[in-house]
Amino acid sequence: MSPITDVEGRRLSLTNLDKVLYAETGTTKGEVLHYCTTVAGPLLAHLHNRPLSFLRYPDGPDGQRFFTKNVPPGTPSWVKTCEVPHSTSGPARQVLLQDLPALVWAANLVVELHTPQWTCQAPGIADRLVLDLDPGAPATIVECCTAARWLHDRLAADGLDVYAKTSGSKGLHLIVAIEPTPSERTTAYARTLAVEAAAALPDLVVHKMTKALRPGKVFIDFSQNAAAKTTAVAYTLRARPTPTVSAPVTWDEIAECRDPSQLTFLFSEIAPRCAHHGDLLAPLLDPDRARPLPRAKPSRAPGAPNRPGSHRGST
């Protein structure tokens, strides 16, 4: 019989808590739920008012995985939802995770959490700009760090503050708090940045998704700014062989990275990092920190930083 747990006055049936989800580390479902409660504060803050897309992996990352935006069958009536417009199928309802009981309910489904760059109050009006830096083997997150430093300086030239987190998979996500802007214009600006980066760092960066171009390069995916796209939220567990997390990182950590292991974080490392750093992405939650996207032609790109010799081919 599944245990019934009271979470802030909500009764939840938590199933298969001893089930091993991550075979490589022996991590159980119960440990996954515990992790979600330990980072609930910052995780819920970054989820607030953002409709959820779930990547579900109920039997672990080696089992069946499926992506869903619709409210799952059996969702408790007290879990908040919102109506989201869709260009082809008409409006649909998606989950909002606004409190700890809802977060624990979702964690019991075993999910990655993905959100758009807009909130349910203003669908398609972005308050975030995101750049997904995705390395093509043999490039790694080390090469992503070089590209990230160039983009940091480029965004600063336009008066924008940029924050970083690991994807929890192979690469980096760069995030900027912006004043509300239509997703189409946000995507266009992000594309300009990607094109400029590819021109400034031709041996390192590509801005096109063509697979033949990507080995040994960092693909800057600007398309995740499109209204219909979503990105893994900060602090979510990923469906990877080990329980890695999309973890906020400092710019010093990015500058000092010489090996992928330096920017790979398991779920057990996140609470100590939060205790030491706080939420490194907290400025994204302050509306007074948002800045307008430049309306004029983007400024001239700064020069590329020197690339340490150890970056190419690091493992």
Side-chain angles (χ1 to χ4, degrees), residues 1-61 65 68 71-72 74-81 94-115 165-169 230-240 242-249 264-282 284-285:
M1 184 175 180
S2 300
I4 302 295
T5 301
D6 184 284
V7 181
E8 295 183 347
R10 303 293 190 186
R11 288 170 58 82
L12 292 169
S13 175
L14 304 180
T15 58
N16 302 318
L17 296 182
D18 293 330
K19 182 178 184 178
V20 173
L21 294 178
Y22 294 88
E24 192 168 318
T25 55
T27 303
T28 66
K29 185 177 177 182
E31 290 174 303
V32 166
L33 267 67
H34 177 71
Y35 164 75
C36 289
T37 64
T38 62
V39 297
L43 176 54
L44 285 169
H46 291 289
L47 290 171
H48 188 67
N49 283 344
R50 296 186 189 273
L52 261 294
S53 298
F54 295 135
L55 175 62
R56 297 185 61 179
Y57 56 112
D59 296 316
R65 299 191 290 180
T68 179
V71 177
T75 299
S77 60
W78 46 263
V79 172
K80 296 186 182 301
T81 63
Q94 291 180 225
V95 167
L96 298 174
L97 296 183
Q98 306 286 72
D99 54 30
L100 181 59
L103 178 61
V104 174
W105 162 79
N108 187 59
L109 299 177
V110 189
V111 292
E112 281 185 6
L113 303 172
H114 295 247
T115 62
K165 65 183 182 73
T166 68
S167 68
S169 178
T230 61
T231 305
V233 74
Y235 302 103
T236 189
L237 270 165
R238 301 304 304 267
R240 305 291 296 172
T242 59
T244 53
V245 171
S246 183
V249 293
T264 301
F265 300 101
L266 299 180
F267 73 140
S268 57
E269 300 174 87
I270 303 305
R273 283 182 63 81
C274 287
H276 179 71
H277 293 293
D279 178 13
L280 291 169
L281 301 186
L284 295 171
L285 305 172

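Test Leu237, Thr236, Thr230 against Leu113 for side-chain contact (heavy atoms from CB on, under 4.5 Å) and you get one pass: Thr236.
Looking at residues two or more places apart in sequence or on another chain, you find no side-chain hydrogen bond (donor to acceptor under 3.5 Å, both in side chains) involving Asn16. Annotation: side chain to side chain contact (heavy atoms under 4.5 Å, CB included) contacts of Asp99 (sequence neighbours excluded): Pro101, Ala102. Not counting sequence neighbours, the partners of Thr27 by the side chain to side chain contact (heavy atoms under 4.5 Å, CB included) test are Tyr22, Thr25, Glu31, Val32, Pro243, Phe267.
In this structure a side-chain-to-backbone donor-acceptor pair under 3.5 Å is present from Arg65 to Ala239. The closest donor-acceptor contact from the side chain of Gln94 to the backbone of Val71 lies at 3.5 Å or more, if one exists at all. Thr231 places no side-chain N or O within 3.5 Å of a backbone atom of His114 that could act as its donor or acceptor partner. Checked by atom type and distance alone, the side chain of Lys29 pairs as donor or acceptor with a backbone atom of Asn108 at under 3.5 Å.
Taking CG from Leu52 and OG1 from Thr81, the interatomic distance works out to 11.5 Å, rounded to the nearest 0.5 Å. Between atom CG of residue Leu44 and atom CG of residue Leu103 there is a gap of 5.0 Å, rounded to the nearest 0.5 Å.
Contact detail for Ala40 and Leu100: the closest heavy-atom pair is CB-CD1, 3.7 Å. Counting all heavy atoms, side chain and backbone alike, Val111 lies closest to Ala106 at CG2-O, 3.5 Å. Leu281 and Ala234 get closest at one heavy-atom pair: CD1-CB, 3.5 Å.
Counting heavy atoms of neighbouring residues, nucleotides and ligands inside a 6.0 Å radius, atom NZ of Lys19 exceeds 12 of them. His277 NE2: more than 12 foreign heavy atoms inside a 6.0 Å radius. Asp18 CG: 12 or fewer foreign heavy atoms inside a 6.0 Å radius.
A salt bridge (Lys or Arg N to Asp or Glu O under 4.0 Å) check over residues 35-45, counting only residues at least two apart or in different chains, returns nothing. Screening residues 101-112 for salt bridge (Lys or Arg N to Asp or Glu O under 4.0 Å), with sequence neighbours left out, gives Glu112-Arg238. Sequence neighbours left out, not one pair with a member in residues 100-110 passes salt bridge (Lys or Arg N to Asp or Glu O under 4.0 Å).
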